[in-house]
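First the structure, in the form of structure tokens, and then the observations on it.
In what follows, chains carry the letters A, B, and so on, assigned in the order in which the sequence lines appear, proteins first and then strands, with residues in each chain numbered from 1. Because the structure is a prediction, the values reported are computed rather than measured.
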There are 2 protein chains.
Amino acid sequence: MTVLFSKKCEYGLQAILFMAALEEDRICSAEEISNKLNIPKEFTSKILQSLTASGLIESKKGKTGGFRLAIHPSKIKLIDIVEAIDGLESFNSCVLGFSNCSPKNPCPVHKEWGELRNKAYEMLSSETIDKFKEKTLNKISVL
Amino acid sequence: MTVLFSKKCEYGLQAILFMAALEEDRICSAEEISNKLNIPKEFTSKILQSLTASGLIESKKGKTGGFRLAIHPSKIKLIDIVEAIDGLESFNSCVLGFSNCSPKNPCPVHKEWGELRNKAYEMLSSETIDKFKEKTLNKISVL
DNA sequence: TTTTAATCAGACAAAAATATCTGATTTTTT
DNA sequence: AAAAAATCAGATATTTTTGTCTGATTAAAA
């Protein structure tokens with residue numbers, strides 16, 4: 001079990017935080033990201049490709065090619081990455097797996113979980129990723 | 001993606017909440033639970049078997065057999081069911097998937113996520129499942 | 001005592017998630 | 001012009017999760 005996001009999404013979050021922590025406009029290859037973050041190389045490529053398709057990052061082909069953010073880190077929030085990869089469905093589904101969980105047909109923990117879920121959403125959308133630069137660099141330096 | 005727990009765990013939570021909402025000591029079959037909760041029949045059996053092994057419920061074999069709680073609902077918390085099925089690892093893992101996430105090597109959202117996680121844990125262990133009886137009955141009546 | 005209806009164990013199957021491979025294309029460097 | 005190093009697309013493989021099947025056993029009811 002992952003905690004909340006799929007592996008793909010976890011890796012995507014890590015990769016974009018990593019890119020945001022680099023010098024601006026620095027292009028880095030899938031291999032570099034794979035090495036720095038210990039993500040399987042080919043899987044890294046796939047995820048970066050899909051993030052390119054979603055418009056969060058952009059790619060440069062050929063020798064000296066690679067990836068970089070397509071949007072300034074001051075305009076990207078963690079939730080944007082989650083949305084691009086896993087979607088936001090989990091923020092709208094019942095934690096106990098009941099169908100039609102809603103204020104009208106609440107599950108036993110509907111209210112309590114709803115509050116937690118909203119806080120999680122807020123946390124992921126409260127700050128843009130440029131704010132995480134230093135923390136990301138510290139974290140990656142020990143990986 | 002499930003929200004937080006595996007399907008197995010979601011079904012297990014539903015099943016035990018259901019049993020706790022029945023008359024005390026009432027034995028119900030896997031088939032009944034499967035029908036009431038719309039859980040695949042054979043999968044229901046498997047999950048109930050594993051919950052039996054973990055000691056939360058007990059089984060009676062043969063005709064008129066089935067399952068019932070092995071512990072009084074006033075002594076079972078949601079987190080006990082989660083622990084029996086999914087384990088508690090997700091409450092100790094990094095939400096961004098970084099390794100060695102700890103106060104010494106925190107991920108970018110370590111503090112914030114830690115607080116949310118603790119609240120989720122508290123929510124799941126704050127009340128015993130006898131408290132959910134009425135809400136469960138209401139919910140199941142519309143399934 | 002036979003039939004019926006249940007658990008149980010273990011194998012099996014299908015689907016989804018995760019990971020890898022292959023080869024084509026692109027672009028810079030030599 | 002050729003070599004090198006990258007993305008990219010699509011197929012394939014592996015692993016995990018989810019779900020199903022079969023047959024043995026158990027125990028009550030007919």
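The separation between E58(B) atom CD and dC8(C) atom C1' is 16 Å, rounded to whole Å. Summarising the geometry, the separation between CD on E10(A) and C1' on dA19(C) is reported as 15 Å, rounded to the nearest angstrom. Rounded to whole angstrom, the span from the CD atom of E42(B) across to the P atom of dT18(D) amounts to 17 Å. Atom CD of E32(B) is separated from atom P of dT7(C) by 11 Å (rounded to the nearest Å). We find that NZ of K8(B) is positioned 14 Å from P of dT20(D), with the value rounded to whole Å. Following rounding to the nearest Å, E89(B) (CD) and dT16(D) (P) show an atom-to-atom distance of 13 Å. To the nearest angstrom, P of dA6(D) lies 17 Å from CZ of R68(A). Between the CG atom of L37(B) and the C1' atom of dG19(D) there is a distance of 17 Å, given to the nearest Å.
Each salt bridge (Lys or Arg N to Asp or Glu O under 4.0 Å) pair with one or both residues in residues 34-45 of chain B, not counting sequence neighbours, appears once here: E32(B)-K36(B).
With contacts defined as side-chain heavy-atom distances shorter than 4.5 Å, the pair C28(B)/F18(B) qualifies. For the pair V109(A) and L96(A), the minimum side-chain heavy-atom distance is below 4.5 Å. Here the side chains of P108(A) and L17(B) are in contact, with some heavy-atom distance below 4.5 Å.
Counting distance only, with no hydrogens placed and no angle test, the side-chain atoms of K46(B) and the base atoms of dG10(C) include a donor-acceptor pair under 3.5 Å.
Of the candidates dA6(D), dC8(C), dT20(D), the closest approach to any side-chain atom of E31(A) belongs to dA6(D). In the set dG19(D), dA9(C), dC21(D), dG19(D) carries the atom at the smallest distance from any side-chain atom of K7(B). Considering only side-chain atoms of F67(A), the nucleotide from dC8(D), dA19(C), dA6(D) that sits closest is dC8(D). Which of dT20(D), dC8(D), dT7(D) sits closest to the side chain of F43(B) comes down to dT20(D).
A salt bridge links E10(A) to K7(A): one of the charged nitrogens lies within less than 4.0 Å of a carboxylate oxygen.
Side-chain nitrogen and oxygen atoms of Y11(A) include none within less than 4.0 Å of the OP1 or OP2 phosphate oxygen of dT18(C).
Partners of D130(A) by side-chain hydrogen bond (donor to acceptor under 3.5 Å, both in side chains), not counting sequence neighbours, listed by chain and number: T128(A).
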Any chance you could lay out the salt bridge (Lys or Arg N to Asp or Glu O under 4.0 Å) test for E115(B) and K119(B), step after step, and finish with the verdict?
-> CA-CA 6 Å; E115(B) 285 167 10; K119(B) 282 185 181 152; 5.7 Å; no
For nucleotides 27-30 of chain C, list the nitrogen or oxygen atoms of the protein found under 3.5 Å from its nitrogen or oxygen atoms, one pair per line.
{"unit_1": "dT27(C)", "atom_1": "O2", "unit_2": "K63(A)", "atom_2": "N", "d": "3.2"}

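Nucleotides of DNA chain C nearest to S59(B) and P40(A) differ in position, and the one nearer the 5' end is that of S59(B).
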